[in-house]
Amino acid sequence: VISVNSHENHCRVFGGGALMTPDVIHLHGFLTPSEADALLGRICSEAEFRQNHAQIFGWKAVPRLEAWYGPWDYPYAKGVVLKAALMPDYLQAVIDKIADAGIGTFNAVLINRYRDGHDYISPHSDNDYGDAEPTIPSLTLGASRPFRLARLVGKYKLDKTTTVEYLPGHGDLLVMRGRTNAEWQHW
């Protein structure tokens with residue numbers, strides 16, 4: 001996942017009680033400022049962003065723009081199917097750098113473009129990978145925006161007292177690993 005933020009680094013933990021943290025690594029400066037700038041420029045000028053609509057209490061615009069590059073159609077919400085598209089060389093270079101860092105091998109990229117402070121994503125788990133313990137890298141480009149996680153209590157309820165917040169900057173990579181996706185939701 002690449003997040004492109006068009007509005008204006010550390011981790012904060014909210015709440016009290018026994019602290020259990022998600023398995024997340026924050027790689028500050030994964031891309032150099034010049035690499036991040038160049039990638040952001042390519043994405044802004046070449047990525048094919050779409051305004052998708054999902055069926056959530058009626059049909060509503062997904063509050064961000066999305067671009068999907070991968071060898072399969074990607075259904076992720078009721079009514080949303082992102083169509084397969086060839087991987088551009090500039091995104092393959094990012095995938096290769098992630099693999100070279102020992103994080104894992106990947107063959108698809110979802111780009112979420114948050115245009116302003118009103119675009120967002122609700123708490124969710126990426127439970128459509130078919131893997132109980134997926135490794136999910138997320139690269140931030142542009143302005144910093146909070147990346148929050150909270151522990152699941154039951155199947156859908158969040159314990160907000162366990163909220164952990166990261167503030168990835170331009171070129172930073174966050175990687176969710178292990179049981180994080182199964183036991184936490186992020187937004």
Side-chain angles (χ1 to χ4, degrees), residues 1-31 36 52-58 60-66 74-80 82 98 101-104 106 108-187:
V1 174
I2 298 177
S3 295
V4 179
N5 305 311
S6 301
H7 66 281
E8 280 300 322
N9 284 315
H10 61 285
C11 171
R12 294 189 307 207
V13 179
F14 299 90
L19 177 65
M20 296 185 298
T21 59
D23 185 1
V24 174
I25 57 173
H26 183 177
L27 300 171
H28 296 273
F30 180 75
L31 296 181
N52 291 303
H53 292 78
Q55 191 174 1
I56 307 168
F57 306 110
K60 297 196 170 128
V62 175
R64 64 189 171 279
L65 299 178
E66 300 164 317
Y74 176 44
Y76 79 90
K78 193 169 186 179
V80 179
L82 304 176
I98 290 169
I103 294 165
F106 302 92
V109 172
L110 171 63
I111 305 173
N112 291 317
R113 184 171 186 184
Y114 300 95
R115 296 163 287 193
D116 56 35
H118 300 289
D119 281 358
Y120 65 92
I121 190 161
S122 298
H124 67 284
S125 295
D126 296 329
N127 55 5
D128 45 12
Y129 284 90
D131 182 348
E133 297 186 9
T135 298
I136 305 169
S138 180
L139 178 67
T140 296
L141 299 172
S144 293
R145 67 187 309 261
F147 184 95
R148 296 182 180 102
L149 298 103
R151 195 160 185 54
L152 279 167
V153 179
K155 193 169 181 174
Y156 300 107
K157 185 172 169 51
L158 291 180
D159 178 358
K160 293 287 185 121
T161 68
T162 65
T163 300
V164 177
E165 180 180 279
Y166 296 86
L167 292 173
H170 185 52
D172 288 358
L173 186 72
L174 283 177
V175 183
M176 294 186 290
R177 308 180 298 183
R179 300 283 308 153
T180 300
N181 193 55
E183 297 175 2
W184 297 74
Q185 286 195 342
H186 61 279
W187 67 98

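All heavy atoms count here, side chains included; hydrogens, waters and symmetry mates do not.
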>> Are Pro146 and Tyr166 packed together at the side-chain level, in the sense that at least one heavy-atom pair is separated by less than 4.5 angstrom?
In response: no

> Side chains of Val164 and Pro22: does their closest heavy-atom pair fall under 4.5 Å?
Replying inline: yes

>> Counting C-beta onward and ignoring hydrogens, is there a side-chain heavy-atom pair between Val24 and Thr180 closer than 4.5 Å?
In response: yes

>> What I'd like to find out is whether the side chain of Val153 reaches to under 4.5 Å of the side chain of Thr162, using heavy atoms alone.
In response: no

>> List the residues meeting salt bridge (Lys or Arg N to Asp or Glu O under 4.0 Å) with Asp23, not counting sequence neighbours, and say none if there are none.
In response: Arg177

> Out of Lys160, Arg145, Arg148, which residue meets the salt bridge (Lys or Arg N to Asp or Glu O under 4.0 Å) rule with Glu165?
Replying inline: Arg148

> Residues in side-chain contact (heavy atoms from CB on, under 4.5 Å) with Pro123, at least two apart?
Replying inline: Leu158, Gln185, Trp187

>> Show the nearest heavy-atom pair for residues Phe147 and Pro168, with the distance to one decimal.
In response: CB-CD, 4.2 Å

>> I'd like to check Pro63 versus His118 (side-chain heavy atoms, cut-off strictly below 4.5 Å). Are they in contact?
In response: no

>> Among residues at least two apart in sequence or on other chains, which ones pass ring-ring contact (aromatic ring centres under 6.0 Å, His included) with Phe30?
In response: none

> With sequence neighbours left out, what residues match Glu66 under side chain to side chain donor-acceptor pair (under 3.5 Å)?
Replying inline: Asn52, Arg64, Tyr76

> Looking at His186, Glu133, His124, which hits side chain to side chain contact (heavy atoms under 4.5 Å, CB included) with Asn181?
Replying inline: His186

> Can you tell me how far the CG atom of Leu173 sits from the CD1 atom of Ile25, to the nearest 0.5 Å?
Replying inline: 7.0 Å

> Is Thr163 close to Thr161 at the side-chain level, that is, under 4.5 Å between some pair of heavy atoms?
Replying inline: no

>> Going by side chain to side chain donor-acceptor pair (under 3.5 Å), name the residues that satisfy it together with Glu183, two or more places apart in sequence or in a different chain.
In response: Arg151, Arg179

> Could you walk me through whether Leu141 and Leu31 pass the side chain to side chain contact (heavy atoms under 4.5 Å, CB included) check?
Replying inline: CA-CA 9 Å; Leu141 299 172; Leu31 296 181; 4.3 Å; yes

>> For a quick test of reading the model, state the closest non-hydrogen atom pair linking Ser144 to Gly169 and the distance between them.
In response: OG-CA, 3.4 Å

> Rounded to the nearest 0.5 Å, how far apart are CG of Asp119 and OH of Tyr114?
Replying inline: 8.5 Å

> Heavy atoms, side chains only, cut-off 4.5 Å: are Asp159 and Leu152 in contact?
Replying inline: no

>> Do Val175 and Thr135 have side chains that approach each other closer than 4.5 Å (heavy atoms only, starting at C-beta)?
In response: yes

>> Going by the rule side chain to side chain donor-acceptor pair (under 3.5 Å), which residues pair with His53 if we only count those two or more places apart in sequence or in a different chain?
In response: none

> Any donor and acceptor pair, going by atom type alone, linking the side chain of Asp172 with main-chain N or O of Thr140 inside 3.5 Å?
Replying inline: no

>> If you count every heavy atom of other residues, nucleotides or ligands that lies below 6.0 Å from Lys157 atom NZ, does the total exceed 12?
In response: no

> What closest approach, in Å, do Ala36 and His170 show between heavy atoms, and which atom pair accounts for it?
Replying inline: CB-NE2, 3.3 Å

> Could you state the interatomic distance from CG (Leu174) to CD1 (Ile136), rounded to the nearest 0.5 Å?
Replying inline: 11.5 Å

